[in-house]
Amino acid sequence: MRLSQMLFVTLRDDPADAEIPSHKLLLRAGYIRRIGSGIYAYLPLMWRVLQKVSQIVREEMNATGAQECLLPQLQPADLWKESGRWDTYTKAEGIMFSLIDRREQELGLGPTHEEVITAIARDMIRSYRQLPLHLYQIQTKFRDEIRPRFGLMRGREFIMKDGYSFHADEASLKETYQDMYKAYSNILRRSGLAFRAVEADSGAIGGSGSTEFMILAEAGEDEVLYTEDGKYAANVEKAVSLPIDIQASRFTTYEKRDTPGTETIEKVCQLLNCSPTQLVKNVLYQTVYDNGITVLVLVSIRGDQEVNEVKLQNELTKLASEYGAKTIISLNVPNLEAKLAWTAKSLPLGYIAPDIADEYITGDKKIHPKFLRLVDQTAVDLKNFITGANEAGYHVVGANWEEQFKLPNSIVDIRKARSGDRAIHNPEQTLASTRGIEAGHIFQLGTKYSQAMGATYTNEQGEEKPLFMGCFGVGVSRLAQAAVEQSYDKDGIIWPVAIAPYHAIVTIPNIKDVNQVEIAQKLYTELNQAGIETLLDDRDERAGVKFKDADLIGIPYRIVTGRAIANGKVEVVERATRKSQEILIDEVITTLHKWITEAIEGKK
């Protein structure tokens, strides 16, 4: 492609609405164009990148025996109601675009396709002889993000590969799960990206085991905790660890102490000269279930620890049936307005004890009349601990479970693991932290959807059994932007060779020089014929402008038909290293072919 004929417009300044480097660079370099909030057009250069990523994905998926299909973006609400996720996605998470058509039927624009694919399996899979089966697609998905940001990282529409597998049993599912682990690792490796596979929370998709594939980058929204021995890595939402040791309490007698102005752990410790490991703090949450019932949750946890709200939500979701519900609509620390809606009298905030009385809750029929009391494992073994006295300005010291306070029946692990904690698999290893961008996620769904939607098969004994399912997703457009976030410099993008829109760009410094033009056009034609995807910058612009644009758009190799042509050579500049060398014109094709092959195969 000749740049003079291409839709090619670059910007010298960063767009005002772009927040992270990759977003700024993709806009400046003319890869994407903002159409609306969280909505972007993929311009010609970007579309070539997305096609290359998609091709790598297809090759790796097809190699496992998966079959490509295309599922509808518009999905009937009835399918989602069968699975029980309609309220989760339209109310709780609120990420589904939903609408009512002219026939008064509810529909949604698909953020994911578990329901659709399960309905297909229910209708078409009859026997164990058809299993295992694995279908995948690459298409546009939709999420009604409240605050779209970071360009393609968190947009309202995006390109994704999602795949779904069906099995007769869990063993078969686990085999495909391992196949996908390898395939996803291959996809990221072939794309030239540094990544880490980590244990993850399954979220609204559900199921048991799940693994995220994180592209390592400072701007990553996710925190990853890992050990240097390479034996453990997990998203902070899922991570587990051993907390630091408890310091023995200096209080041996139970008593109430006057502690004015100590609403925080830090202030209590300063006043009482104690360690936060000796405290039990009691954090109040408000959760609303899908049947409208509000439950007040009191979490007792060691004073130096933080509540992992993802883990807490998972625990509360397990308890939904006890309140006549299926799922959670919301979970938060209630603000003043929320408290006024259910408190019968003023709460001693900052001084709450594990036994705060249920009488603080109003008798409203939509409010469950009792606190749900949970205790984190970190607080269970504390002796002679300090905690609130249920009275503003007072704490108690020297307290013990089953003496002054009843230990809650529900003992849970809902603490947030953090950098510096000891690893469970080897306490000599400590957790380190890095940032990552989630580019892929694989799930073992089990029978969650097949049981809910009646998707069964007949086994060898003639028995009807629910299908076991797996779910496997790669964010194609997100991966492309994450590649930029991982690799750029002050002058622009540095694409990995495997997914760069073009391998090389031939730059003519002076288009009025007949020799420069002739050699450039000859190289351009021959390089493309040899399978080296090449741009020709034949614009009537200054050489400096052309060089800056080549750096900005990040083409791996720049070939300059400048002064060196007098010696039968051209200058070749490698974008990643800025290494420049003069190469004989007749050797350009063989040299570049060798470099590109080595780069794609990971030898360079």
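Sequential numbering from 1 along the given sequence is applied to the chain's residues.
The pair E106-K81 meets the salt-bridge criterion, since a charged nitrogen lies less than 4.0 angstrom from a carboxylate oxygen. Ion pairing between E315 and K311 fails under the 4.0 Å rule for side-chain N and carboxylate O. The pair R435-E485 does not count as a salt bridge, with every side-chain nitrogen at least 4.0 angstrom from each carboxylate oxygen. Under a 4.0 Å N-O distance rule, the pair D169/K465 does not qualify as a salt bridge.
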What side-chain donor-acceptor pairs closer than 3.5 Å can you find for residues 127-134, not counting sequence neighbours?
residue, atom, partner, partner atom, Å
S127, OG, R129, N, 3.0
Q130, OE1, R126, N, 2.6
Q130, OE1, S127, N, 3.0
Q130, NE2, M124, O, 3.0

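For the pair R85 (side chain) and W80 (backbone), a donor-acceptor distance under 3.5 Å is absent. Between the side chain of S477 and the backbone N or O of I159, at least one donor-acceptor pair lies under 3.5 Å. Checked by atom type and distance alone, the side chain of D87 never pairs as donor or acceptor with a backbone atom of K91 at under 3.5 Å. At least one donor-acceptor pair closer than 3.5 Å links the side chain of Y184 to the backbone N or O of G473. A donor-acceptor contact shorter than 3.5 Å links the side chain of N291 to the backbone of Y323. A donor-acceptor pair under 3.5 Å is absent between the side-chain atoms of E221 and the main chain of I437, judged by distance alone. Judged purely by atom type and a 3.5 angstrom limit, S165 has no side-chain atom pairing as donor or acceptor with the backbone of L135. Judged by distance alone, the side chain of R575 and the main-chain N or O of D551 form a donor-acceptor pair under 3.5 Å. The main-chain N or O of V484 is never found under 3.5 Å from a side-chain atom of S487 such that the two would form a donor-acceptor pair. At least one donor-acceptor pair under 3.5 Å links the side chain of T317 to the backbone N or O of Q313.
Under 3.5 Å, the side chains of Q75 and H113 contain a donor-acceptor pair of N or O atoms. No side-chain donor from either of E199 and N235 sits under 3.5 Å from a side-chain acceptor of the other. In this model, a donor atom of one side chain and an acceptor atom of the other lie less than 3.5 Å apart for T10 and D549. For the residue pair S210 and H441, a side-chain donor N or O sits within less than 3.5 Å of a side-chain acceptor on the partner. If you check the side chains of Y285 and E309, you find a donor sitting under 3.5 Å from an acceptor. Under the 3.5 Å distance criterion, with hydrogens and angles disregarded, a donor-acceptor pair is assigned to the side chains of E464 and T456. Side-chain polar atoms of Q481 and S22 form a donor-acceptor pair below 3.5 angstrom. Counted by atom type alone, N62 and Y136 present one or more donor-acceptor pairs between their side chains at under 3.5 Å. Side-chain atoms of D17 and H23 include no donor-acceptor pair closer than 3.5 Å.
Of all heavy-atom pairs between G492 and L25, the closest is CA-CD2, 3.8 Å. Pairing each heavy atom of K141 with each of T112, the nearest pair is NZ-CA, 3.7 Å. Summarising the geometry of L79 relative to E115, their closest heavy-atom pair is O-CG, 3.5 Å, with the distance given to 0.1 Å. Nearest heavy atoms, S83 versus A452: CA-CB, 4.1 Å. Scanning both residues, D537 and I505, for their nearest heavy atoms gives CB-CD1, 4.2 Å. The shortest heavy-atom contact between N308 and V236 is ND2-O, 3.2 Å.
Within the model, atoms OH of Y449 and CD of E82 stand 13.0 Å from one another, a figure rounded to the nearest 0.5 Å. We find the OH-CD1 distance between Y488 and I20 to be 9.0 Å, quoted to the nearest 0.5 Å. Distance check: L225 CG to K416 NZ gives 10.0 Å after rounding to the nearest 0.5 Å. To the nearest 0.5 Å, atoms CE (M96) and OH (Y89) are separated by 7.5 Å. Separating the CD1 atom in I600 from the CD1 atom in I56 is a distance of 8.0 Å, to the nearest 0.5 Å. Here the CD1-CZ distance, from I493 to R28, works out to 9.0 Å after rounding to the nearest 0.5 Å.
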Evaluate I32 against Y40 for side-chain contact (heavy atoms from CB on, under 4.5 Å), listing each step before the verdict. CA-CA 6 Å; I32 59 176; Y40 289 86; 3.8 Å; yes

Tell me, with the steps shown, if L331 and L312 meet side-chain contact (heavy atoms from CB on, under 4.5 Å). CA-CA 9 Å; L331 171 68; L312 174 59; 4.1 Å; yes

Verdict with supporting geometry, Q137 and D162, side-chain hydrogen bond (donor to acceptor under 3.5 Å, both in side chains): CA-CA 6 Å; Q137 63 171 344; D162 54 326; 3.1 Å; yes

Between F443 and T211, is the side-chain contact (heavy atoms from CB on, under 4.5 Å) condition met? List the steps. CA-CA 7 Å; F443 303 83; T211 300; over 6 Å; no

Begin with the C-alpha distance, continue with both residues' side-chain angles, and end with the deciding distance and a verdict on side-chain contact (heavy atoms from CB on, under 4.5 Å) for L479 and L188. CA-CA 9 Å; L479 186 154; L188 295 176; 3.5 Å; yes

Verdict with supporting geometry, E157 and T140, side-chain hydrogen bond (donor to acceptor under 3.5 Å, both in side chains): CA-CA 6 Å; E157 68 169 54; T140 299; 5.1 Å; no

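A centroid separation of 6.0 Å or more is found between the aromatic rings of H167 and Y457. Ring centroid separation for the pair W495 and Y502 does not come in under the 6.0 Å cut-off.
Relative ring orientation between F472 and Y177 is described as tilted, the plane-to-plane angle lying within the 30° to 60° band. Between F213 and F195, the angle of the ring planes lies from 30° to 60°, which puts this pair in the tilted group.
When the shell of 6.0 Å around CD1 of I35 is examined, it contains more than 12 heavy atoms from other residues, nucleotides or ligands. The number of heavy-atom neighbours closer than 6.0 Å to CD of E218, taken from other residues, nucleotides and ligands shown, is 12 or below. Residue-environment remark: NZ (K24) exceeds the threshold of 12 foreign heavy atoms within 6.0 Å. Atom CZ of R58 has more than 12 neighbouring heavy atoms from other residues, nucleotides or ligands inside a 6.0 Å radius.
Tested against Y289, the residues L316, I329, T327 include a single side chain to side chain contact (heavy atoms under 4.5 Å, CB included) partner, L316. Remark: of the listed residues L536, T534, L535, T534 is the sole one forming a side chain to side chain contact (heavy atoms under 4.5 Å, CB included) with N528.
When side chains are defined from C-beta on, P44 counts as touching M6, because their heavy atoms get closer than 4.5 Å.
Pairs engaging residues 179-192 under the salt bridge (Lys or Arg N to Asp or Glu O under 4.0 Å) rule: E59-R190, E60-R190 [sequence neighbours left out].
With sequence neighbours excluded, the residues satisfying salt bridge (charged side-chain N to carboxylate O under 4.0 Å, His left out) with E533 are R48, K52.
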